[in-house]
Every structure is written in structure tokens, then in C-alpha cells.
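Below you'll find the structure, written out as C-alpha cells, and then a few comments.
All heavy atoms count here, side chains included; hydrogens, waters and symmetry mates do not. Chain letters run A, B, ... following the sequence lines, proteins first and then strands; every chain starts at 1.
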2 protein chains.
Amino acid sequence: MARPTMDDVGKRAGVSRALVSLVMRGSPKVSDRRRAAVLQAAEELGYSPHAMARSLASRTSHVLGVMVSDLHNAFFAEVVDGLDAVAAEHGFDLILNTGGRSPARERRALRSLLSFRPAGLALLSPVVPTADIGRAAEQTPVVLVARSSRLATVDTVNDDGERGIGLAVDHLVSLGHRRIAHLDGGEGSQSAPRRRGYLAAMAAHGLAPRVVRSEYTDVGGARAVRGLAGDMPTAIVSCNDFNAVGAISALEEAGLRVPRDVSVVGYDNTSLAALRHVSLTTIDQPRNEFGRLAAEALLQRVRGERVEPVRHLLHPSLVVRSTTAPPVRPA
Amino acid sequence: MARPTMDDVGKRAGVSRALVSLVMRGSPKVSDRRRAAVLQAAEELGYSPHAMARSLASRTSHVLGVMVSDLHNAFFAEVVDGLDAVAAEHGFDLILNTGGRSPARERRALRSLLSFRPAGLALLSPVVPTADIGRAAEQTPVVLVARSSRLATVDTVNDDGERGIGLAVDHLVSLGHRRIAHLDGGEGSQSAPRRRGYLAAMAAHGLAPRVVRSEYTDVGGARAVRGLAGDMPTAIVSCNDFNAVGAISALEEAGLRVPRDVSVVGYDNTSLAALRHVSLTTIDQPRNEFGRLAAEALLQRVRGERVEPVRHLLHPSLVVRSTTAPPVRPA
DNA sequence: TCTATTTGTTGGAGCGCTCTAAGGCTGTAG
DNA sequence: CTACAGCCTTAGAGCGCTCCAACAAATAGA
């Protein structure tokens with residue numbers, strides 16, 4: 001199992017270790033003859049450079065650290081996918097850790113990631129205190145995804161939730177709705193800006209807002225709709241797709257048809273929303289793009305192209321499907 | 001940005017670098033006095049060990065390489081989640097790559113992972129030729145997830161798809177169904193064993209099989225059901241949950257009720273199936289467990305506890321929800 | 001008291017690589 | 001035939017750590 005080293009390759013090709021190093025790094029200042037000899041020897045021995053030794057000697061890293069709460073959540077998985085795509089394009093590798101939404105575990109994960117002296121660090125919706133993030137940012141460039149921060153040393157990539165919900169409200173208003181309720185996400189992470197966006201959009205249209213406390217689950221959506229009984233609005237803007245689907249089933253159980261009697265809009269454009277059976281009008285977040293932008297932000301700093309922080313605020317977009325329609329009797 | 005090293009810590013604590021190393025590794029053969037001094041100096045300097053230098057010097061690795069086609073797919077994301085959980089428990093870190101279902105890209109990803117000299121390698125449903133896998137296995141322990149192999153040097157973790165579909169058929173038969181159709185997954189990856197499982201189970205019950213060519217999408221499921229019109233079975237076993245949901249909506253469009261007129265069973269127990277609105281009877285694959293077992297298989301080899309290959313064949317389980325019921329008029 | 005043992009500590013070599021500075025070679029000019 | 005550019009090539013130091021052998025100090029046994 002003793003794998004060959006540069007010395008072995010050099011010996012076999014009849015050159016020095018340093019020359020092998022130059023060839024492996026694609027240096028132009030190597031004669032074609034030597035280069036061919038080295039490459040052939042490497043091939044014969046099945047040699048491949050040792051990334052860690054290389055990183056240690058060159059004092060540079062081609063690794064990006066990624067901390068994610070859990071991959072279980074499709075949102076994060078797709079962000080990581082985007083990160084990986086950009087990283088791979090530039091010859092970087094990802095080292096991954098999960099923090100499980102616990103500050104203690106996240107702190108440990110952070111330490112572990114930093115011990116690799118990564119070229120940069122992407123933290124996806126972390127829950128650790130800002131102080132820890134600031135400390136990490138002293139060691140390596142840091143980008144925060146789905147968490148905002150005022151730290152002057154870190155970049156951020158976020159979805160403009162306020163605007164997203166605004167799109168949903170505008171859409172409903174343009175269909176003729178005036179009595180539009182919002183089922184909010186309670187304490188959930190992006191719930192506050194979404195609620196703000198709803199209130200702002202309603203105010204902009206001169207409509208009376210109606211926020212119903214709910215949560216990011218289908219059960220929550222169903223419960224909230226049952227609470228609405230007796231004074232049903234003509235349209236509902238849910239905090240996310242799961243909540244919307246729960247709301248729809250409760251509406252149908254109550255004998256109301258969607259979108260004939262009540263229109264419903266979700267948020268996130270999960271694979272669920274796209275199902276024909278569900279065909280939910282919803283707000284799309286460019287998840288993969290989150291990852292791509294995060295990776296690019298890090299790479300810019302790595303290359304020293306930028307020192308001031310960048311704050312990406314991505315524009316969500318409306319995806320109209322079959323759960324929204326004009327109200328039957330305009331209010 | 002010049003981070004402190006062991007020498008710095010040693011100097012500050014008034015001890016040698018070697019002693020600092022012992023403290024960092026938690027060696028018992030250090031006096032309490034020195035240990036405290038070292039720990040304090042490390043704290044003051046904000047020192048943390050350099051994982052790569054450590055790995056290089058000790059000729060051991062605490063890194064597991066993971067190659068996944070894409071994280072977009074929730075199945076893989078959850079497997080990675082399981083891998084990470086076990087890895088973290090044992091102080092291992094994950095280094096992640098995607099292969100994008102292209103042999104060329106996978107080969108590149110493999111090379112990149114191997115360049116870190118990982119303690120082990122987990123390949124999730126890889127498409128590279130067996131020869132490449134064998135070559136990787138010469139360098140480090142390899143475990144294959146969702147791909148079987150005869151290589152004596154690699155471990156495998158798979159779902160027993162044959163048995164899973166068998167559970168579905170048994171369930172339907174026990175409800176009284178006799179005319180049970182299977183919408184298969186066409187060329188899809190686990191489609192063949194599932195089809196085999198269906199045929200075997202039907203034969204075991206002495207029933208006439210009926211396989212309808214379909215695919216792993218809701219559109220595919222809907223189309224297949226429309227093809228069934230005129231000779232509708234009393235029950236349908238779909239190749240996966242998406243297909244099942246598509247089948248259900250086509251059935252409802254045709255004026256049939258589920259499960260009153262036709263029962264439907266999915267496969268995978270995705271989050272979709274669990275939605276109240278869908279509430280699909282389905283077969284659960286222990287996805288997280290796949291990852292856990294894969295990680296454990298690697299760690300066993302790392303620790304030298306095992307040399308013979310292990311072949312995990314995980315038992316899927318039936319999750320009964322609301323889309324199956326006895327047929328109205330037993331055939 | 002003196003030698004064995006145990007316990008704690010240290011210098012130095014070396015992991016596989018990069019990088020700098022210096023060296024060898026060619027070819028052309030003097 | 002020597003000088004001086006190039007252009008290749010190489011020796012050697014060193015990245016931050018681990019590990020071994022050696023040693024000093026403290027303890028035990030005789």
C-alpha cells in the first residue's frame with residue numbers, strides 16, 4: 001500500500017524530485033523530452049500528487065470548508081450542489097460538516113473545518129453567535145448563506161424574502177383579490193422578512209392585512225385554515241410550500257375548491273409544488289445560484305480581487321401554476 | 001494572518017514542541033502542570049492544530065472521501081447526512097465531490113478525492129467502470145452505496161428492492177386484491193430488481209402479473225394509468241412515489257377514487273408521501289442508515305477489524321397510509 | 001546509599017511536497 | 001578558445017506536525 005512519491009517518479013524517470021514537481025504543476029519551463037519521461041514514469045507507477053503535502057509545502061489551500069445544518073433539507077443540499085459546481089470548475093475541493101442546528105455542535109464543526117486551513121468557508125444558515133463567525137473570518141474568508149450579518153469581514157448571500165412575498169401578493173391583487181391572508185412561519189428562520197413583505201405589499205395596495213400564526217409544516221397550514229373558518233379570505237399566501245399544501249387539503253375538507261373559491265400561493269418551489277397533482281403557484285428561490293454565488297464570493301477573496309464585503313440579495317421569482325385564479329365574486 | 005504553530009505555543013508555555021504535540025493529542029503521559037500551561041498558551045494564541053500537517057506527519061488520515069452524483073437528489077443527500085453523522089462521531093471529516101453521472105467527471109472526482117489520501121472512500125451510485133473502482137480500492141478502503149459489485153475488495157450497501165416490492169404486493173393481496181399492476185421504472189437504476197420482485201411476488205401468490213412500462217416521474221405515472229383505461233386493475237404498485245402520485249391524479253381525473261376504486265402503493269417514502277394531502281402507502285428505504293452503514297464499513301477496515309468484504313442488503317419496510325384499502329368487489 | 005524502574009520531557013529525523021538560489025549546459029559572440 | 005547569455009535542472013531548506021530514541025528526574029527496591 002506504500003504509494004509512490006515524487007522521489008520514486010524522479011528516480012524512475014532519471015530526473016530530480018524538483019523537476020517532477022514542475023511537471024506536475026504544469027510548468028512551461030521543462031523540456032518536452034523530460035516532461036514526457038516524467039509523465040510516463042508517473043503513469044507506470046500510478047503516481048498522483050499528495051494534496052495535503054502539496055498544500056503544506058506551498059502554504060496555499062485548494063479546499064473550501066462548508067458547514068450545513070443538515071443535508072436532509074433539500075434547500076441546503078442544492079446550495080451545496082451549487083458550491084461544488086463552482087469549486088470544481090476552479091480546482092477546489094469541498095470539505096463538509098454538519099452543525100445540526102446546535103451552537104455547540106456548530107462550533108465544533110467550525111473548529112474542525114478551520115483545522116484544514118481552508119481557502120474559504122461557507123456557512124449555510126448557521127446558528128452560532130456572530131462572535132464565532134467573526135473569529136473564523138479572521139482566519140479565512142467567510143461567506144454566510146441564508147443568514148445576514150453586519151460583520152464587515154464576511155460576505156452574505158440571501159434571498160429577498162420580503163420581495164418574494166410581495167410578488168405573491170401582487171399576483172393575487174392583479175387577479176382581483178382583496179381579502180388576502182398570510183399564514184406565517186412563526187419563529188422559523190426566514191419567517192420575519194416574509195411577514196414584513198406581506199404587510200408592506202398589502203399596505204402598498206391599500207388593503208387590510210391579516211396574519212395568521214402558523215408554521216412551516218402541512219399540519220400547521222391545515223390548522224391555520226381551520227382557524228379561518230367563518231371568515232374565509234379569497235386568497236392565502238403561505239410561508240412555504242408544505243404549509244400551502246396543508247392549507248389546500250383543509251380547504252378541500254371544508255368543501256371549498258382551490259382555486260375556484262380560494263387561491264393559494266406557496267413559497268420555495270420545492271419539487272412538491274411542481275407535481276401535477278399539486279401544481280402549486282409558488283415563489284422560487286434560486287437555490288443552486290446561492291451556492292454558486294457563495295463559492296464565487298470566496299474565490300474572489302482568495303484571489304485577492306476584493307476586500308470589501310459583498311451582500312447578495314437574490315431576487316425570488318413567481319411561478320404561476322394552478323392554485324391561483326380570479327376570485328368568483330370580487331370582494 | 002500568520003497562524004501560530006506548535007513552536008509558538010511551546011515557546012510561550014516554556015516547553016518543547018514535542019510536549020505540545022502530546023498535549024494536543026491528549027496523551028496521558030504529561031504532567032498536569034505542563035498540560036495546563038500548554039493549554040493556556042494555546043488558548044491565548046488562538047492555536048489550533050493543522051489537520052493536514054498532522055496527517056502528513058502521522059501518515060494517517062481522518063478524512064473520508066465521498067462521491068455523489070448530485071446532491072439535488074434527496075436520496076443521496078440523506079445518505080451523506082448519515083455518513084457524516086457516523087464520521088463525526090469518530091472524529092472523521094468528509095470531503096465531498098460530485099460526479100454528475102458522467103464517467104469522465106466521476107473519474108476526475110475520484111482522482112481528486114484520492115489525492116487527499118483519505119482513510120476511506122464512499123461512492124454513492126457511481127457510474128464509472130468497475131475497473132476504476134477496483135483501482136481505487138487498491139489505494140484505500142472503498143464502499144459502494146446503491147450499486148452492487150462482485151469486487152472482493154469493496155464493501156457494498158444496497159436496498160433489497162426485490163423484497164420491497166414484495167412487501168407491497170403482499171400487503172395488497174392480504175387486503176383482497178388479485179388484479180395488481182406494476183408501473184415500472186423503465187431503464188431507471190433500481191428498476192430491474194423492483195420489477196423482478198413484483199413478478200416473483202405475484203407468482204408466489206399464483207396471480208397473473210401485469211407490468212406496464214413507465215418511468216420515475218409523476219407524468220410517467222399518469223400516462224401509464226391512462227394506458228390502463230378500459231381494463232383497470234384494482235391495485236397499482238408504482239416504481240416510486242412520484243410515479244404513484246402521478247398515477248393517483250390520472251385515476252381521479254378518470255373519475256376513480258383512491259383507495260375506494262383503486263389502491264396505489266409508492267416506493268421510497270419521500271417527504272412527499274408523508275404529506276397529509278397525499279398520505280401515500282409506500283415502501284421506506286432507510287436512507288440515513290445507508291450512510292451510517294457505509295461509514296461504519298469503512299471505519300472497520302480502517303481499524304483493521306475486517307478484511308473480507310461485507311454486503312449489506314437493507315430491508316425496506318412497508319408504510320401503510322391512506323391510499324390502500326380492500327377492493328370494493330373482490331375480483 | 002546505590003542501582004533499577006518508572007515517569008516526564010526533549011531533540012532530531014522525516015512525512016511528501018514547494019520554492020529559492022545556485023548550478024550545468026547549450027549556443028552564439030567576442 | 002573564452003565569455004556570456006539564455007534555458008533547464010537540481011540541491012537543500014523548510015511547511016507544521018508526529019514519533020522515536022535518548023535522557024533527566026523522581027520513585028522504588030535492595
Side-chain angles (χ1 to χ4, degrees), chain A residues 1-39 41-42 45-63 91 112 114-119 139-140, chain B residues 1-39 41-42 45-63 91 112 114-119 139-140:
Chain A
M1 273 256 192
R3 302 203 43 191
T5 72
M6 278 193 172
D7 278 308
D8 301 322
V9 176
K11 212 160 288 169
R12 185 174 189 114
V15 301
S16 72
R17 181 189 62 247
L19 215 238
V20 178
S21 172
L22 288 173
V23 171
M24 287 303 153
R25 283 177 287 153
S27 163
K29 43 177 75 176
V30 176
S31 63
D32 291 344
R33 202 165 56 81
R34 306 281 194 175
R35 180 188 311 281
V38 167
L39 255 22
L45 279 117
Y47 170 81
S48 87
H50 188 309
M52 295 200 180
R54 172 178 275 190
S55 167
L56 186 62
S58 66
R59 268 142 290 187
T60 63
S61 164
H62 280 191
V63 167
S112 167
L114 284 171
S115 77
F116 283 88
R117 305 293 187 270
Q139 323 226 24
T140 189
Chain B
M1 274 262 191
R3 303 204 43 193
T5 72
M6 279 195 173
D7 277 308
D8 300 323
V9 177
K11 212 158 290 169
R12 183 170 190 116
V15 301
S16 73
R17 181 191 61 247
L19 214 240
V20 178
S21 172
L22 288 175
V23 171
M24 287 304 153
R25 282 176 287 150
S27 164
K29 44 176 75 174
V30 177
S31 65
D32 292 344
R33 204 165 55 82
R34 307 281 195 175
R35 180 189 311 278
V38 167
L39 254 22
L45 262 49
Y47 170 81
S48 87
H50 189 310
M52 296 201 180
R54 173 177 275 189
S55 166
L56 185 61
S58 65
R59 271 143 287 188
T60 64
S61 164
H62 280 187
V63 167
S112 166
L114 285 172
S115 77
F116 283 88
R117 305 291 187 270
Q139 322 226 23
T140 189

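When side chains are defined from C-beta on, A/Arg3 counts as touching B/Gln139, because their heavy atoms get closer than 4.5 Å. A/Leu22 places none of its side-chain heavy atoms less than 4.5 Å from the side chain of A/Arg34. Between A/Val23 and A/Val20, the closest side-chain pair of non-hydrogen atoms is not below 4.5 Å. At a threshold of 4.5 Å between non-hydrogen side-chain atoms, the residues B/Met24 and B/Met6 count as touching. A heavy-atom distance below 4.5 Å is found between the side chains of A/Leu56 and B/His50.
With rounding to whole Å, A/Asp7 atom CG is found 13 Å from D/dG12 atom P. In this entry the distance linking NE2 of A/His50 with P of C/dG16 reads 7 Å, nearest Å. Atom CZ of B/Arg117 and atom P of C/dC17 are 7 Å apart (whole Å). Atom CE of A/Met6 and atom P of D/dT10 are 14 Å apart (whole Å). One atom, NE2 of B/His62, and another, P of D/dC17, lie 16 Å apart when rounded to the nearest Å.
Counting only heavy atoms from C-beta on, B/Arg54 has its side chain closest to D/dT18 among C/dC17, D/dT18, D/dG16. Here the nucleotide nearest the side chain of A/Pro49, chosen from D/dT18, C/dC17, D/dC17, is C/dC17.
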A correct 5'-to-3' footprint of nucleotides 23-28 of chain C, with B, S and - meaning base, sugar-phosphate only and no protein heavy atom under 4.0 Å, is ------

Protein proximity profile, nucleotides 4-14 of chain C - base contact B, sugar-phosphate-only contact S, no contact -, cut-off 4.0 Å on heavy atoms: ----SBBBBBB

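In terms of heavy-atom proximity, A/Thr140 sits nearest to A/Pro118 at OG1-O, 2.9 Å. B/Ala41 and B/Ala13 get closest at one heavy-atom pair: CB-CB, 3.9 Å. The minimum heavy-atom distance between B/Val9 and B/Val38, with the atom names listed, is CG1-O, 3.9 Å.
Dashed line: the shortest gap from a side-chain N or O of B/Ser58 to OP1 or OP2 of D/dC17 is not under 4.0 Å.
Nearer to the 5' terminus of DNA chain D, by closest-nucleotide assignment, is the contact made by B/Met52 (compared with the other of B/Arg25 and B/Met52).
To the nearest 0.5 Å, atom OG of residue A/Ser31 and atom CG of residue A/Leu19 are 7.0 Å apart.
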